[in-house]
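Some notes on the structure that comes next.
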Amino acid sequence: MGSIAKEIDARELEKEFLPFFRMYKDGTVERLSGTPYVPPSPLDPETGVSSKDITISLDPSISARLYLPKLNQTHHQKLPILVYYHGGGFCIESAFSSDHHRFLNSLVAQGQVVAVSVEYRLVPEHFLPNAYEDCWAALQWVASHVKDDNVVNKEPWLMNHGDFSRVFLGGDSAGANIVHNMAMRAGVESLHDGVKLVGAFLTHPYFWGSKPVRSEASEGHDDKALPCLLWNLVYPNAPGGIDNPMINPFIETGAPSLAVLGCSRVLVAVSEKDELRDRGVYYYEELIKSKWEGEAELVQVEGEDHAFHVLNFETENAKTLIKRLASFLLK
């Protein structure tokens, strides 16, 4: 172990962003946060959910973990499809990490959906907008199953059990940011005939901007705030910087109207101790004010911090929120 440590210490540092990662000049990346990878399970003993890993694309490299709830064997039931995007600031975590795997087992069991948890490319190896493009490609791949003669890497769980008239998007933190941007794109670019994007849930969405929103003014809002530093790191060439519409959907000039959001139902969840909370509430309010013709819901949880339902899975508040997300999928 001592020799390995010395080798690591001897490498020349290219850049670091604490507490997330270090990148060395030899190209290796040391991720300092996040939970370990876990394998899929043919049958999760606690929930009865089955999972497996699949490849969506080799170039670029896009994969996913699929989840299937325990089925009623007396008849073949078609289930809603959830396309899920994990959080982690675009630079840590994974569709294969233990916390997201545990969370999705519970959500899939309660929500009775077929879930596709997307493994998109991360910073610093791949800067934005690569992750957005990967996530859109994954959504298109899912939608392409509605016409089985055109499907590449045909997936039996989607073909046999997926209801393409009930497709949902979901994500936490940076993943919730991706959800917004995918839903906006779906409102402009069609997926496939026969595919209906019904709803989207955004838990603790990662939005920011150059001007403070509500309590941000008193809590420290400047270019040294973590959400700003992170965005400038993960998307260094973003047009407009921190006021790019992908991170700041509320910018007065240059952002498309929220009215084009390509689904009919949205749930936004925020937490009291999360510095991003006011942005989430503001997103909900602006969506209501826009000419979007859908139905929006806001869930506010007291006493909790960012992504608590994934990171602190066993708490009562986490279980309550997951149950609320499942009910959103069941409607």
Side-chain angles (χ1 to χ4, degrees), residues 1-40 51 53-65 84-104 116-138 171-179 181-182 204-206 208 223-238 241-242 244 246-247 275-276 306-307 310-311:
M1 289 295 293
S3 61
I4 295 176
K6 288 179 181 178
E7 289 178 13
I8 293 175
D9 292 340
R11 290 182 298 182
E12 194 172 353
L13 192 65
E14 175 77 23
K15 67 173 65 176
E16 67 178 2
F17 192 82
L18 302 178
F20 298 116
F21 68 83
R22 292 190 182 99
M23 185 175 189
Y24 298 90
K25 289 190 175 180
D26 64 4
T28 59
V29 174
E30 181 185 4
R31 288 190 160 83
L32 308 173
S33 300
T35 55
Y37 285 22
V38 294
S51 57
D53 295 343
I54 58 98
T55 298
I56 293 175
S57 168
L58 292 174
D59 186 19
S61 178
I62 311 170
S63 54
R65 178 160 293 179
Y84 192 84
Y85 304 114
H86 70 83
F90 300 102
C91 60
I92 60 170
E93 287 291 1
S94 165
F96 311 129
S97 63
S98 60
D99 54 6
H100 283 89
H101 180 71
R102 183 179 55 183
F103 161 71
L104 280 164
V116 181
S117 182
V118 180
E119 180 76 343
Y120 52 86
R121 289 173 292 171
L122 298 178
V123 174
E125 297 93 332
H126 306 279
F127 291 97
L128 294 181
N130 281 306
Y132 290 126
E133 294 304 320
D134 292 351
C135 291
W136 179 250
D172 61 280
S173 191
N177 172 288
I178 294 172
V179 167
N181 284 293
M182 296 305 101
H204 315 129
Y206 173 32
W208 205 249
D223 58 6
K224 298 297 189 294
L226 180 59
C228 185
L229 291 173
L230 180 61
W231 179 254
N232 290 333
L233 170 83
V234 299
Y235 200 171
N237 298 318
I242 196 62
N244 183 282
M246 299 187 107
I247 188 69
E275 68 178 319
L276 301 177
H306 189 72
V310 176
L311 301 175

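All values below were derived from every heavy atom in this structure, side-chain atoms included, with hydrogens, water molecules and symmetry-related copies excluded.
- In this structure, the separation between CG on Asp172 and NE2 on His306 is 7.0 Å, given to the nearest 0.5 Å.
- In terms of the salt bridge (charged side-chain N to carboxylate O under 4.0 Å, His left out) criterion, Lys224 has no residue partners (sequence neighbours excluded).
- For the residue pair Glu12 / Tyr24, no side-chain donor-acceptor distance below 3.5 Å is found, with atom types taken as modelled.
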*asked:* Show, in sequence, the C-alpha distance, side-chain angles and deciding distance for Glu16 and Lys25, and conclude whether the salt bridge (Lys or Arg N to Asp or Glu O under 4.0 Å) test is met.
replied: CA-CA 11 Å; Glu16 67 178 2; Lys25 289 190 175 180; over 6 Å; no

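- Here the closest non-hydrogen pair linking Ala307 and His204 is N-ND1, 3.0 Å.
- Not a single donor-acceptor pair under 3.5 Å links the side chain of Asn177 to the backbone N or O of Ser173.
- Closest approach of Ile247 and Gly241 over heavy atoms only: CG2-O, 4.2 Å.
- With 3.5 Å as the limit, one finds no donor-acceptor pair spanning the side chains of Arg121 and Ser61.
- A donor-acceptor pair under 3.5 Å is formed between the side chain of Glu119 and the backbone N or O of Ala95.
- Counting all heavy atoms, side chain and backbone alike, Ile56 lies closest to Ala138 at CD1-CB, 3.9 Å.
- Under the 4.5 Å side-chain criterion, counting only non-hydrogen atoms from C-beta, Pro205 is not in contact with Leu276.
- With Phe96 as the aromatic partner, Arg65 does not meet the cation-pi criteria of under 6.0 angstrom to the ring centre and within 45 degrees of the ring axis.
- The aromatic rings of His100 and Phe103 sit perpendicular, their planes meeting at an angle over 60°, well past the 30° parallel limit.
- Taking Asp99 as the reference, nothing meets the salt bridge (charged side-chain N to carboxylate O under 4.0 Å, His left out) condition, with sequence neighbours excluded.
- Met246 is listed as a side-chain neighbour of Trp231, based on a closest heavy-atom distance under 4.5 Å.
- Around the CG atom of Leu58, the shell of radius 6.0 Å holds no more than 12 heavy atoms that belong to other residues, nucleotides or ligands.
- Two residues are said to be in side-chain contact when any heavy atoms from C-beta on lie closer than 4.5 Å; Tyr120 and His86 meet this criterion.
- With hydrogens and angles disregarded, no donor-acceptor distance shorter than 3.5 Å links the side chain of Asn181 to the backbone of Ile178.
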_Steps toward ring-ring contact (aromatic ring centres under 6.0 Å, His included) verdict (Tyr132, Tyr85)_ = CA-CA 10 Å; Tyr132 290 126; Tyr85 304 114; 9.6 Å; no

